[in-house]
J.: 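Let me give you the structure first, and then I'll get to my questions.
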Protein chains: 2
Amino acid sequence: MPAPDSITDKLDQIQSGRESRGQRTRLGLQEAALRLLGHDKSFSSLSLREVTREAGIVPTAFYRHYQTMEELGQDLVADSFRTLRQMIRSVRTDGLPSSGNMIQGTVQVLVQHIHANRLHFQFIARERFGGYSSLRVSIRDEIHAFGQDLATDLARFPILNRWDPESVQMLTTLMVNTMVSIAEQILEAPANDAAAEAEIVRRAERQMVFLSLAVPAWKPKAAKPA
Amino acid sequence: MPAPDSITDKLDQIQSGRESRGQRTRLGLQEAALRLLGHDKSFSSLSLREVTREAGIVPTAFYRHYQTMEELGQDLVADSFRTLRQMIRSVRTDGLPSSGNMIQGTVQVLVQHIHANRLHFQFIARERFGGYSSLRVSIRDEIHAFGQDLATDLARFPILNRWDPESVQMLTTLMVNTMVSIAEQILEAPANDAAAEAEIVRRAERQMVFLSLAVPAWKPKAAKPA
DNA sequence: TGTACATCAGTGAACGCGCGTTCACTGATGTAC
DNA sequence: TGTACATCAGTGAACGCGCGTTCACTGATGTAC
């Protein structure tokens, strides 16, 4: 029995144009759904027929790829967070753009990434507490995993390295909440309003600075054993 | 021309059983919609016929009260935040339950209120980034107003009273974000799981304490003129 | 490389269903006298 | 308090529509030889 395509294989195939007709249509369905989300609709209110119409295939062909719309939604969740993880990974290897100020650099990377993947973020924001409960669960788990990644990165700071895990997690939760809030504000702001966006970014940076001020004052429960 | 019923008038009538048939049915539609939201559905995916069926009237009677489902949604938003404001007002006059610890008292009141108005909170959480853009706008505005109220209350603390308004707003935003996050976690947790909920509350309290630790370290832009 | 054939992906007609909305109606409610 | 009447709220039939899903089909793709 041949191993199923790994994500990397799939990406390779897509990038080199070697993907099969089936894979192309499947991708077409995903992109069609995302495109429709741009028109102020939530995924859960999209109909199967709408998506296939947008994708340029007949409704019945949908079933060759997914059994339900919910399955398609799961693919979109996976996709959205895959690109998010890629971003984190590239920051980890290449560092932040303006390495002088960590907070500004982080916010800047996040905002750029939101712009580059606007529809993915819109999808996640809408479905985080939206219609399909299975999508809500997946998204919550992915956001949690994102927080764990962040905690690992933060552990490189000497002071945080001495904190108990729960305290670190508390800090990452606050930071992730702030980032989620940034994303949601940017998505809700009128697109291409640079002034409004700069204001959101400025306020977000102030919030992150404020959070960082509490770090030295926090008394973790017990010092981590060396 | 007679003045339209104020909210207080309406409440008076409802409480004293003097409301007209029309008002009763209108209320019945609101309650029917809320009830349906308990079954893991979002308001935007509710159909007019579902709501009237649940309310025990014929679909066409809906139009005697609302032109669209969106209008009904606006009523629900107004209702949800009205009860929230009542809660704040009662805390303001009666004080917090365990007045020794402000943070614990605040979280406790919030959690109690969420339980007492679970469906309203569920509605707000689902529609905050959900289907109808007019509801999104209303909810955002109401949350903003809630933050302004909180800012007023916080201004009674001497140290915050000397902060510039923007700094106070930044703090309230962080606190409101945390409260919203608490609400969302409690709604997503399995109902009646006391242990899980206690854990959410404990973590929330720690987050609030952490936020408060940054307060003395924050340097506001300019001292407020006395 | 060329052919035969199996599998895979897209087609198009058809179905029954719940939807929002219209309309003319009926009966309940409230008011004027 | 009792009656006449206007207004208001709920009814029930009907409509056209888009929906998800079924089915037998056709043509494209990929594989074995």
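Nothing here was measured: the structure is a model prediction, and the numbers come from that model. Reminder, nothing fancy here: chain letters follow the sequence lines and each chain counts from 1. When reading the values below, keep in mind they use all heavy atoms of this one structure, side chains included, and skip hydrogens, waters and symmetry mates.
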J.: Please list all pairs meeting side chain to side chain donor-acceptor pair (under 3.5 Å) that have one or both residues in residues 53-65 of chain A, counting only residues at least two apart or in different chains.
T.: A/R35-A/E54
J.: Per the atom types in the model, does the base of C/dG12 pair as donor or acceptor with the side chain of A/T60 at under 3.5 Å?
T.: yes
J.: Could you list the residues that satisfy side-chain hydrogen bond (donor to acceptor under 3.5 Å, both in side chains) with A/R202, not counting sequence neighbours?
T.: A/E199, B/E166
J.: Strictly below 4.0 Å, heavy-atom distances to any atom of DNA chain C: list the hits from residues 32-42 of chain B, or just say none.
T.: none
J.: Axis-to-axis angle across the helix from C/dG2-D/dC33 to C/dC33-D/dG2, five pairs an end, to 10 degrees?
T.: 30°
J.: Mind checking what makes salt bridge (Lys or Arg N to Asp or Glu O under 4.0 Å) contact with A/E142, not counting sequence neighbours?
T.: A/R85
J.: Within this structure, what is the CG-to-P distance between A/L72 and D/dG20, rounded to whole angstrom?
T.: 12 Å
J.: Using atom names, set out every protein N or O paired with an N or O of nucleotides 26-29 of chain D below 3.5 Å, distance rounded to 0.1 Å.
T.:
from	atom 1	to	atom 2	distance (Å)
D/dG27	N2	A/R21	NH2	3.4

J.: With sequence neighbours excluded, give me every side chain to side chain donor-acceptor pair (under 3.5 Å) pair touching residues 115-125 of chain B.
T.: B/H113-B/N117, B/H115-B/E197
J.: What does B/Y63 touch in the nucleic acid at a heavy-atom separation under 4.0 angstrom: a base, only the sugar-phosphate, or nothing?
T.: base
J.: Scan for salt bridge (Lys or Arg N to Asp or Glu O under 4.0 Å) pairs involving residues 171-183 of chain B, sequence neighbours excluded, and state none if there are none.
T.: none
J.: Sequence neighbours left out, what passes ring-ring contact (aromatic ring centres under 6.0 Å, His included) with A/F62? Give chain and number order.
T.: A/Y66
J.: Just to verify, what does A/D193 make a salt bridge (Lys or Arg N to Asp or Glu O under 4.0 Å) with, not counting sequence neighbours?
T.: none
J.: Taking DNA chain C as the partner, which of residues 44-58 of chain B come within under 4.0 angstrom of it by heavy atom?
T.: B/S47, B/L48, B/R49, B/E50, B/R53
J.: Without placing hydrogens or testing angles, list every side-chain donor-acceptor pair under 3.5 Å for residues 174-184 of chain A, not counting sequence neighbours.
T.:
from	atom 1	to	atom 2	distance (Å)
A/T178	OG1	A/L174	O	2.9
A/S181	OG	A/Q185	NE2	3.0
A/E184	OE2	A/R128	NH2	3.4

J.: Take B/M69 and B/R64, find for each the nucleotide of DNA chain C with the closest heavy atom, and name the residue whose nucleotide sits nearer the 5' end.
T.: B/M69
